[in-house]
Each structure stands twice: as C-alpha cells, then as structure tokens.
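All of these numbers come straight from a predicted model, not from anything done at the bench.
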Amino acid sequence: MDDTLSAQVADVERARAGDEAAFTRLVAPLHTELRAYCYRILGSVHDADDALQDALLRAWRAFGRFEGRSSLRTWLYTVATRTSLDLAEARGRRALPMDLGPASERAVVEGNDPVTDVAWLGPYPGNAADDRYLRRESVELAFVAALQHLPGNQRAALVLAEVLGFSSAEIAEIMKTSATSVSSAIARARRTLEAKLPGSSPPSTDDGRLRQLATGFADALINGDPDALLALLCADVTWTMPPLPHWYRGREAVVDFAVEVPMTRCPSWRYLLTTANGLPAVAFYLGEHPEASHQPWSITAFTARHGLIATITSFIGAGHFPPFGLPAALPGPAQV
C-alpha cells in the first residue's frame, strides 16, 4: 500500500470517528467534478453550489455509516445525485429565451423587460483544462440547455454514464434502481438529446480564434462599429440575453439590435476577458460615461463555427459575476 492510499485509509477511519478535517481532506479532490456535475443537473452555478454544500453536509453527517462497500467517489455521487434531483424538482428546469418563443426580426426596445418568473439557465465559470472531469463538451451551454429538457432521472443517468464514465451497475447503485432501468433511462435521454442537438459536434474554431472573436465583438460594441460586428458573425448567428425574453437570429437582426441598444442607448462599455462553460467569454461592465465607475452588466458567452461567431449568450445581471472571481466594478480612468 503506497503512502497516499495509506493516508486515505487513515483519513476514512478518522472521519468515521468524527474528525471533520479528515473528511474535508477526503472530499477536497472531488470538489470540482462534483460541482460541475451538480451544475449539469441544475443549470445554475448558484444552485450547484447550494446542492454541493447540502450534499457534503449530508455526507459528513452520515459518514459514520460509510462502510466502504463502494468507492468514496461513488458514495459521494449518490448523495450529490439525490440532493441535486430534489433541488431540480423544487426549482424547475432552467430555460433560455428561445424556449419561450420565436426570434424577433427587429430590435425590441419597449416591452423587453426582464422576465422574473422563469428559472433561467446560467453560465458556469472555468476552463475544461481545470479538471479532467470538466470536459468542455459536457459543460457547453447547448448541452446543458438540452439536458434541462430531460426528466431528472434521465438527466442524472446520462451525465453519470456519458460524461463521468460510471457503469450501468454503478449508476444503479447511485440512483437506487436497477441496471435495466438505468439503461432504459439513458436510451430515452439519448433520443431526446439527438432531437435537441441534431448533428452536434465539437466547436470547429480553436480557443485562440474564439478569443479574437470575443475581443472583436466587445471592441465593436464599445466603438459603435456595426460593420466590424457584421464581419464577425455567421449568417444564422443567434443572440439571447436572459432574463430578457426577446432574442435574435441572423446577421441583420443581431446587428439591428446591437445598433439600436448597446451601441446607441448604453453610454459606456468596458470589458474583461473570462471563461464561461469551457470557452472564452467577455464580462461586460456598463458606466454612465467613460470616466465613471463601470458596474457589472453581463457575462457574454460565444460559440463559433468556421471561424465566425455562431451563438452569443449574454447572461445579464451582477449576480453572475462573483463565481467568476471578477471585480465588483471597474473604476473610471481617473480612479485607476
């Protein structure tokens, strides 16, 4: 038995005896993957953090009964699955504006107030390189949004199998059901996802180019340059802005909205590059004038196809910023 395994065995015994520090050491290496798992189920990093905190508290309280018949990882996923599914049932599935209605052909200025009675999908901080279980395609917005259309048991079974690599027998143990039920749930989930993500494939644009596109998009808004923006966009580009209900499809509609609202009606923009759902993104800050302090406005995520922006998702609200470790404000130049 190597030293690492010996230390883990010793910590299991200490944790069973009530040593909270030992329990913390045991679960720390699994924290990132468990958080990402809860996010995939719940579609919100805030809900994921709530679920994970509750799951770890439940696990700690029950650890005296952990007999080691399954691995610690499997046992923790059992607790996290139940906690996440309970929370998902209580709060409902997460949506994007295109789930509510068709795209708008022209900029909607009046009557586009935030919709507060919808549980909106949220962004997830971090890069796929942060953890081997945080595979990029498994936290991309399109995949997480599609998962929201699945019943909870199918959502969990699919993620456990196809993202995390658990066997049907292990998933049956985690979900307290039979392997046959697990296989059936996964098959139904795959059919639904194939309908929601027809012909889906990994992004055809590398991170360096996507970062250039994100920067070019932000600069075009700041400079009020619709021609520069147009040159960055796919013909069928979409722009959604939860919690605003209206969304846009196609270059003409997207540029029309950009000209009518952020380029014209918003006094001053500043931005920082960040990473959302495994891909380069932009954190936008809005100020009353260029010299003023700029306040958090949106985390804007992108996907690209053939070197052009294919989707733009602007998650509006200062509440999205803390999980990304972003500043609470950007001071004006005179304050720097």
Side-chain angles (χ1 to χ4, degrees), residues 30-56 77 80-81 83-85 87-88 91-99 118-150 152 155-156 158-160 162-164 193 196-197 200 202-203 207 210-211 214 240-243 271-284 296-304 310-326:
L30 300 168
H31 190 278
T32 298
E33 62 171 284
L34 285 167
R35 187 188 192 214
Y37 171 66
C38 294
Y39 169 75
R40 296 181 190 104
I41 301 298
L42 293 160
S44 159
V45 70
H46 298 289
D47 283 358
D49 286 340
D50 288 346
L52 180 56
Q53 182 178 9
D54 189 18
L56 293 179
Y77 270 99
T81 297
T83 304
S84 296
L85 292 180
L87 191 56
R91 299 191 179 176
R93 75 175 183 90
R94 296 275 166 172
L96 286 172
M98 61 259 302
D99 294 319
V118 171
W120 295 105
L121 190 72
Y124 189 79
N127 193 306
D130 291 344
D131 190 272
R132 66 191 180 101
Y133 295 103
L134 190 57
R135 294 199 341 242
R136 167 174 293 173
E137 64 271 21
S138 74
V139 290
E140 282 188 356
L141 284 171
F143 178 72
V144 177
L147 285 176
Q148 300 303 302
H149 292 270
L150 301 175
R155 208 181 302 175
L158 186 78
V159 172
L160 288 167
E162 300 203 345
V163 177
L164 296 164
L193 255 62
K196 293 292 179 183
L197 299 169
S200 62
D207 276 12
L210 187 53
R211 194 170 292 107
T240 60
M241 291 153 277
Y271 71 90
L272 296 173
L273 291 178
T274 186
T275 302
N277 295 79
L279 294 170
V282 173
F284 279 106
W297 180 256
S298 74
I299 303 292
T300 295
F302 306 88
T303 63
T311 67
I312 309 160
T313 310
S314 296
F315 297 97
I316 297 174
H320 294 301
F321 280 60
F324 285 77
L326 290 161

Q: Grab the two heavy atoms, one from R35 and one from P125, that are nearest each other, plus how far apart they are.
A: NH1-CG, 4.1 Å
Q: Report the residues that fulfil ring pair (Phe, Tyr, Trp, His ring centres under 6.0 Å) with F324, sequence neighbours left out, ordered by chain and then residue number.
A: none
Q: Search all heavy atoms of L96 against all heavy atoms of W120 and return the closest pair with its distance.
A: C-CZ3, 3.6 Å
(Q) Does any part of the side chain of F315, heavy atoms only, come nearer than 4.5 Å to the side chain of P242, both counted from C-beta? (A) yes
Q: Using side chain to side chain contact (heavy atoms under 4.5 Å, CB included) as the criterion, list what pairs up with A156, not counting sequence neighbours.
A: Y37, I41, T81, L85, M175
Q.
Could you measure the distance from the CD1 atom of I299 to the OH atom of Y271? Nearest 0.5 Å is fine.
A. 14.5 Å
Q | Atom of D207, atom of P280 and distance for their closest heavy-atom approach | A | O-CG, 3.8 Å
(Q) Could you measure the distance from the CG atom of D49 to the CG atom of D54? Nearest 0.5 Å is fine. (A) 12.5 Å
**Q.** side chain to side chain contact (heavy atoms under 4.5 Å, CB included) involving A55 - partner list, sequence neighbours excluded
**A.** V79, A80, T83
Q.
side chain to side chain contact (heavy atoms under 4.5 Å, CB included), that's the test. Do L193 and L150 meet it? Break it down for me.
A. CA-CA 8 Å; L193 255 62; L150 301 175; 3.5 Å; yes
Q. How far does OG1 of T274 sit from CZ of F321, to the nearest 0.5 angstrom?
A. 9.0 Å
Q: Name all residues meeting the side chain to side chain contact (heavy atoms under 4.5 Å, CB included) criterion together with S44; count only those two or more places apart in sequence or in a different chain, and write none if there are none.
A: H46, D47, R94
Q | Gap between atom CD1 of I316 and atom CE of M241 - 0.5 Å precision | A | 6.5 Å
Q.
Distance check, rounded to the nearest 0.5 Å: S314 atom OG versus W297 atom CH2?
A. 10.0 Å
Q) Are L272 and L326 side-chain neighbours, meaning at least one heavy-atom pair lies under 4.5 Å? A) yes
Q.
Using every non-hydrogen atom in the two residues, find where A281 and A301 come nearest and quote the distance to one decimal.
A. CB-CA, 4.1 Å
Q.
side chain to side chain contact (heavy atoms under 4.5 Å, CB included) for I312 and T240? Distances and angles first, verdict last.
A. CA-CA 6 Å; I312 309 160; T240 60; over 6 Å; no
(Q) Run the side chain to side chain contact (heavy atoms under 4.5 Å, CB included) test against A95 and tell me which residues pass, sequence neighbours left out. (A) D99, V118
Q. Who are the salt bridge (Lys or Arg N to Asp or Glu O under 4.0 Å) partners of R155, not counting sequence neighbours?
A. none
Q: Would you please test Y77 and L164 for side chain to side chain contact (heavy atoms under 4.5 Å, CB included) and show each step?
A: CA-CA 10 Å; Y77 270 99; L164 296 164; 3.5 Å; yes
(Q) Can you confirm whether D50 sits close enough to R91 that some side-chain heavy atom of one is under 4.5 Å from a side-chain heavy atom of the other? (A) yes
**Q.** Any L52 side-chain heavy atom under 4.5 Å of H31 side chain
**A.** yes
Q) What is the distance from atom CG of N277 to atom CG of L141, rounded to the nearest 0.5 Å? A) 4.0 Å
**Q.** For S298, all residues meeting side-chain hydrogen bond (donor to acceptor under 3.5 Å, both in side chains), sequence neighbours excluded
**A.** T300
Q) Side chains of Y124 and E140: do they bring a donor and an acceptor to under 3.5 Å? A) no
Q.
Using every non-hydrogen atom in the two residues, find where L121 and A145 come nearest and quote the distance to one decimal.
A. CD2-CB, 3.9 Å
